[in-house]
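The shown structure was predicted, so the numbers you read here are calculated from the model rather than taken from an experiment.
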Amino acid sequence: MHSNAKSQHDLFRSIHELVEVHGPQDAIKIAQSHSLEKDSEASALTDPILEVVAGRSGRKIVDAAASSLVREIEGGSSIGYSYSAWCLAGLPHRERKPGEDWLIKTDFAQLLVRPGVRLRDDDSTEKLSVPCGTIARLLLIDWQSEALETGSREISLAKSPASLLKRMGLSRGGPISKKLVEQIERLATCTVDFKFGNDREGVVVNERLVESFRYVGEVDPRTKRNTRMIETVVLSEAFYRELRRHPILIDRAAIRDIQNSPRAIDAYLWLAFRLHALQGDTPVGWGSLWKQFGTEFKTLKSFKAEFKEPLGLALAAYRSAKVAVTERGLVLSPSPPPISS
């Protein structure tokens, strides 16, 4: 029994190896079977991420792992970029009230996002909310990647939401098109402050992400509200300069595989920033992870229970990431970047 449990555990060290050997469907069955193992020795050897594979998110995780294996064999990766500071502190995962700031403090940075306002023809103003969720993150990656690939701050967003959704690999439809239009305007009008350091010494980078934008307005027939389809944005000189100085390589195809989880995208970006620069094994405690990825959770216990799902997705998408889950948190090991330039 000991040798069987040990060999299973060696296999379970890699989600990708499990999927490669057994295929996605059997990988889930094996993980579920192993999680129900009553033998205490075998249970002690179970990989916490594989526990997630056995749960409700198992299909998403093994599909992301399978997709990364296919890209490795057949190609299909797509180089993208993110400003490094977004890897240290991210946008909110959920909606915030109009006019409400977003403030997050991690071990490495503080981020303050102040929402913009919409100026109307009658001289009134409408408070907007801060950008949030999956769509805002995908838009940022799209803009940053386009800017570095073309060497231009001006980004064309397409003439319609449907065209832009197709470019970003998102499904098309009424609700998501509306969200896309809203998130574009929020990103185009907000202000972000990144602080690195402390009250005694540090650096603060104050930036408008977008310097100017061109839009076409129309009235929504259902809500009677004026909506704006922004067709072109010009990134601010300050943000573009910081992006060029501190870009992080990512695989846009991998991001598309985990696009339904903003927390998984954040975890992927963080790993893409940290792993390739490490000199040795580096522990990161659950408390630090909670501050960066789970400020919306009231307790550390609830965060720990939830975070393994987006972490599993991020690791499935990032094939070469070497990360171990322990009782105290994570242990990060030096790993290649998620994609080669």
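A donor-acceptor pair under 3.5 Å links the side-chain atoms of Thr106 to the main chain of Leu88, judged by distance alone. Judged by distance alone, the side chain of Ser145 and the main-chain N or O of Asp142 form no donor-acceptor pair under 3.5 Å. No donor-acceptor distance shorter than 3.5 angstrom exists from the side chain of Ser261 to the backbone of Pro310, with no hydrogens or angles considered. Side-chain N or O atoms of Trp86 include none that pairs as donor or acceptor with a backbone N or O of Gly90 at under 3.5 Å. The backbone N or O of Cys87 lies less than 3.5 Å from a partner atom in the side chain of Gln292, making a donor-acceptor pair.
Two residues are said to be in side-chain contact when any heavy atoms from C-beta on lie closer than 4.5 Å; Val19 and Leu69 meet this criterion. Proximity of Pro338 to Ser320: side-chain heavy atoms (C-beta onward) are nowhere separated by under 4.5 Å. Within the 4.5 Å cutoff, the side chain of Ile141 has no heavy atoms near those of the Leu139 side chain. Contact check for Arg256 versus Leu138: no side-chain heavy atoms found under the 4.5 Å cut-off. Contact of the Phe213 side chain with the Val234 side chain is not registered, since no non-hydrogen atoms from C-beta on lie closer than 4.5 Å. Residues Glu95 and Ser129 meet the side-chain proximity criterion, which asks for heavy atoms closer than 4.5 Å. Within the 4.5 Å cutoff, the side chain of Leu111 has no heavy atoms near those of the Asp193 side chain. Within the 4.5 Å cutoff, the side chain of Val204 has no heavy atoms near those of the Phe194 side chain.
Between Ile15 and Gly312, the shortest heavy-atom contact is CD1-O, 4.3 Å. Between Trp270 and Leu330 the shortest heavy-atom distance is CZ3-CD1, 4.0 Å. Residues Ala136 and Pro131 come closest through the heavy atom pair CB-CB, 3.9 Å. Residues Thr189 and Leu128 share a closest heavy-atom pair of OG1-CD1, 3.4 Å. The shortest heavy-atom contact between Pro92 and Val130 is CG-CG2, 3.8 Å. Across all non-hydrogen atoms, the minimal contact from Pro161 to Leu180 is O-CD2, 3.7 Å.
Put simply, Leu187 and Val117 are part of two different groups of oily side chains (I, L, V, M, F, W, Y) that touch within less than 4.5 Å, one to the next. Transitive grouping of hydrophobic side chains (ILVMFWY, heavy atoms separated by less than 4.5 Å) brings Ile79 and Ile265 into a common cluster. Hydrophobic clustering of Ile, Leu, Val, Met, Phe, Trp and Tyr side chains at less than 4.5 Å, counting indirect connections, keeps Leu18 apart from Ile73. Using a 4.5 Å cut-off between side-chain heavy atoms of Ile, Leu, Val, Met, Phe, Trp and Tyr, with links allowed through other members, Val205 and Leu112 fall into different hydrophobic clusters. No chain of hydrophobic side-chain contacts below 4.5 Å, direct or via other Ile, Leu, Val, Met, Phe, Trp or Tyr residues, connects Leu119 to Met229.
Within a 6.0 Å sphere centred on CZ of Arg118, heavy atoms belonging to other residues, nucleotides or ligands number more than 12. Within 6.0 Å of CZ in Phe297 there are more than 12 heavy atoms belonging to other residues, nucleotides or ligands. More than 12 heavy-atom neighbours from other residues, nucleotides or ligands sit within 6.0 angstrom of CG on Asn198. Annotation: Arg120, atom CZ; neighbour count of heavy atoms from other residues, nucleotides and ligands within 6.0 Å is above 12. Within a 6.0 Å sphere centred on NZ of Lys195, heavy atoms belonging to other residues, nucleotides or ligands number more than 12. Annotation: Asp199, atom CG; neighbour count of heavy atoms from other residues, nucleotides and ligands within 6.0 Å does not exceed 12.
Pairs passing the salt bridge (charged side-chain N to carboxylate O under 4.0 Å, His left out) check and including a residue from residues 201-216, sequence neighbours excluded, read Arg153-Glu211. The salt bridge (charged side-chain N to carboxylate O under 4.0 Å, His left out) contacts involving residues 99-111 comprise Arg96-Glu100, Asp107-Lys291, where partners must be two or more places apart or lie in separate chains. Among pairs with a residue in residues 62-71, those fulfilling side-chain hydrogen bond (donor to acceptor under 3.5 Å, both in side chains) read His16-Ser68, Arg59-Asp63, Ser67-Arg71, Ser67-Asp257, Arg71-Asp251, Arg71-Asp257, at least two apart in sequence or across chains. Within the structure, every pair that satisfies the salt bridge (charged side-chain N to carboxylate O under 4.0 Å, His left out) test and touches residues 293-305, not counting sequence neighbours, is listed here: Arg263-Glu296. The ring-ring contact (aromatic ring centres under 6.0 Å, His included) analysis of residues 227-255, with sequence neighbours excluded, yields the pairs Tyr83-Phe239.
One distance of note links CD1 of Ile248 with CG of Leu271; it measures 12.0 Å at 0.5 Å rounding. Separation of atoms SG (Cys190) and CH2 (Trp102) is listed at 13.5 Å; rounding is to 0.5 Å. In this structure, the separation between CD on Gln144 and CG on Leu140 is 5.5 Å, given to the nearest 0.5 Å. The distance from atom CG of Leu235 to atom CZ of Arg241, rounded to the nearest 0.5 Å, is 13.0 Å. Summarising the geometry, atom CG belonging to Leu209 is positioned 12.0 Å from atom CD belonging to Glu242; distances are rounded to the nearest 0.5 Å. Going from atom OG of Ser82 over to atom CD1 of Ile250 covers 6.0 Å, rounded to the nearest 0.5 Å.
Of the candidates Leu157, Ile155, Val233, Ile155 is the only one forming a side chain to side chain contact (heavy atoms under 4.5 Å, CB included) with Glu146.
Glu309 and Ser57 share a side-chain donor-acceptor pair at under 3.5 Å.
Note on ring orientation: taking the six-membered ring where Trp is involved, the planes of Phe307 and Phe293 are parallel (angle under 30°, cut-offs 30° and 60°).
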Practice problem: Go through the steps for Leu91 and Arg137 under the test side-chain contact (heavy atoms from CB on, under 4.5 Å), then give the verdict. | Solution: CA-CA 8 Å; Leu91 296 169; Arg137 286 163 170 80; 4.0 Å; yes
Quiz item: Yes or no on salt bridge (Lys or Arg N to Asp or Glu O under 4.0 Å) for Lys179 and Glu182, after CA distance, side-chain angles and deciding distance?
Solution: CA-CA 5 Å; Lys179 289 180 181 179; Glu182 291 177 348; over 6 Å; no
Practice problem: Walk me through it: do Cys132 and Arg186 pass the test side-chain contact (heavy atoms from CB on, under 4.5 Å)? | Solution: CA-CA 9 Å; Cys132 66; Arg186 294 182 191 185; 3.8 Å; yes
Quiz item: Between Phe303 and Leu289, is a side-chain contact (heavy atoms from CB on, under 4.5 Å) present by the stated rule, with each step listed?
Solution: CA-CA 9 Å; Phe303 165 72; Leu289 295 166; 3.9 Å; yes
Exercise. Apply side-chain contact (heavy atoms from CB on, under 4.5 Å) to the pair Ile30 and Val53, showing each step before the final yes or no.
Key: CA-CA 9 Å; Ile30 290 171; Val53 174; over 6 Å; no
Ignoring hydrogens and angles, write down the donor-acceptor pairs under 3.5 Å from the side chains of residues 272-285, residues two or more places apart or on other chains.
unit_1: Asp281; atom_1: OD1; unit_2: Ser333; atom_2: OG; d: 2.8
unit_1: Thr282; atom_1: OG1; unit_2: Gly280; atom_2: O; d: 3.0

